[in-house]
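Residue numbers start from 1 in every chain, and the chains themselves are labelled A, B, ... in the order their sequence lines are given, proteins ahead of strands.
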Number of protein chains: 2
Amino acid sequence: MRTQARLHAPMRSAEFDKEHVLRQAMTAFMQHGYSKTSMQKLTQATGLHPGSIYCAFNNKKGLLLASVEQYQKDKNAQFAQLCASHDNIKSALQAFLTDIAHPCASNEATKVCLLTRTLSEVDGQDDEVTQVLSNNLSAFERSLEDVLNKAMKKGEISSKPSAKERAQFLVMGIYGLRTYASTGNDTQALNRLSEQLLEYVLR
Amino acid sequence: MRTQARLHAPMRSAEFDKEHVLRQAMTAFMQHGYSKTSMQKLTQATGLHPGSIYCAFNNKKGLLLASVEQYQKDKNAQFAQLCASHDNIKSALQAFLTDIAHPCASNEATKVCLLTRTLSEVDGQDDEVTQVLSNNLSAFERSLEDVLNKAMKKGEISSKPSAKERAQFLVMGIYGLRTYASTGNDTQALNRLSEQLLEYVLR
DNA sequence: AGTAATCTTGAATGTGCGTTCAAGATTACA
DNA sequence: TGTAATCTTGAACGCACATTCAAGATTACT
């Protein structure tokens, strides 16, 4: 039936670099949105020919789902490393929010979140994609909750607003921050908002 | 050149009900997004034939812009009435947030904001639409700022975080609330989040 | 009622899309 | 090297879309 596709240059029988291909694809999806990212754009971005994409990912939706999976993997690794390199919750989340707010004020493709952008686009049109995206977003909220719980046990924050409540508010704030940024990037306001958000979450 | 179109039943030379048509169109745009709302869907939703739409609004984008204008008009009127029927800022914003959060947990088309949904979709693709949407969103933020300023003068809230800062945080929170709701509608969490948001804005 | 001007209608048009698949290229192995 | 199996390639397909426009319907006015 379906087998793995190969790269353009078929001198070696090695498969194409799947991670690289998926990162190129996710960038295209973030830049133009799912439906406006044509297969033509995807073949240019990935360097794969239509046939190879269909061979490896079934169809455009399959490539999206694989890209989302890679995106989640990358974001999780990034967050884990960020947590490891900070010894207290405040500086960790500060760095985290800076990493989010900084690209927001730019015009890079990374200023949007692949998960929320795609969710907003396909909401009510594709239940499978919606489920995958929701699950990934929930999983990340749980990661934040874990980090907050550890900080509680270390006595860095009080236990009164629970880690779950704090995580929910933080996630809501991040969603809002990104949308706010897309309405016209006032860097100063964005920085102030993320500061206030952090203060409130760690209150 | 181009003139006004008429209704299906042309017994009378009266123009079609523009407001009604635009409200039907905006509902369709909110439900399916701009690009996935085909002209066929729009003809069904509005009851107008393609020729009439092109006669009255030039093209699909023109119908979108007219719908956005109507949306803003309706939202402004709604907000003004809401403010008039509450004598203090807290109950006014409470009602305002409830009006936002309640449909979010449902599956109505009104659970999304036409402005932010369309902005996220066309961002980086159409500068004119982007500008119009950003301007409308900024204008609404200024309405909130005005209301907060009036509350300050009445002594209901302190002047320390300025009305502008409060309005910005509130707007960010609303954006976040809606996105958060779209990830899986936990009504209870949504209510708690909007309560916390209000408390913080009126701190 | 007759006529010119205007409006309505929806089939036709061209374009761009996701997807397929047969032909050609490459490999693995004898 | 010869041959079968597998992989690569991109032109071609059908479809859905936004848009147009000529033909028909209605109006306004004499």
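Separating the CG atom of B:Leu64 from the C1' atom of D:dC17 is a distance of 17 Å, rounded to the nearest angstrom. The distance from atom CG of B:Leu48 to atom C1' of D:dA18 is 16 Å, rounded to the nearest whole Å. Rounded to an integer number of Å, the gap from CD1 of B:Ile53 to P of D:dT19 is 10 Å. Between the NE2 atom of A:His49 and the P atom of D:dA12 there is a distance of 16 Å, given to the nearest Å. Spacing between atom CZ of B:Phe57 and atom P of D:dA18 amounts to 16 Å, rounded to whole angstrom units. Between B:Tyr54 atom OH and C:dT13 atom C1' the separation is 13 Å, expressed in whole Å.
Here A:Asn149 pairs with nothing under the side-chain hydrogen bond (donor to acceptor under 3.5 Å, both in side chains) rule; sequence neighbours left out. Shown here are the side-chain hydrogen bond (donor to acceptor under 3.5 Å, both in side chains) partners of B:Glu19, two or more places apart in sequence or in another chain: B:Arg23. Applying the side-chain contact (heavy atoms from CB on, under 4.5 Å) test to B:Pro161 and every residue at least two apart in sequence or in another chain returns B:Ser158, B:Arg166, B:Arg203.
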Each nucleotide N or O in nucleotides 21-23 of chain D that has a protein N or O under 3.5 Å away: list the pair and distance.
none

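The A:Ser52 side chain lies nearest to D:dT9 when the options are D:dT9, C:dT9, D:dT19.
Among residue pairs with one or both ends in residues 77-90 of chain B, those qualifying as side-chain hydrogen bond (donor to acceptor under 3.5 Å, both in side chains) are B:His86-B:Ser91, B:Asn88-B:Ser91; sequence neighbours excluded. Contacts classified as ring-ring contact (aromatic ring centres under 6.0 Å, His included) and involving residues 126-146 of chain A (residues at least two apart or in different chains) are given here: A:Phe79-A:Phe140, A:Phe96-A:Phe140. Listed by first and then second residue, the ring-ring contact (aromatic ring centres under 6.0 Å, His included) pairs that reach into residues 105-130 of chain A come to none, sequence neighbours excluded. Contacts classified as ring-ring contact (aromatic ring centres under 6.0 Å, His included) and involving residues 161-190 of chain A (residues at least two apart or in different chains) are given here: A:Phe169-A:Tyr200.
In the displayed structure, A:Gln44 atom CD is contacted under 6.0 Å by more than 12 heavy atoms of other residues, nucleotides or ligands.
A heavy atom closer than 4.0 Å to some atom of DNA chain D occurs in B:Thr37, B:Ser38, B:Met39, these being the qualifying members of residues 22-45 of chain B.
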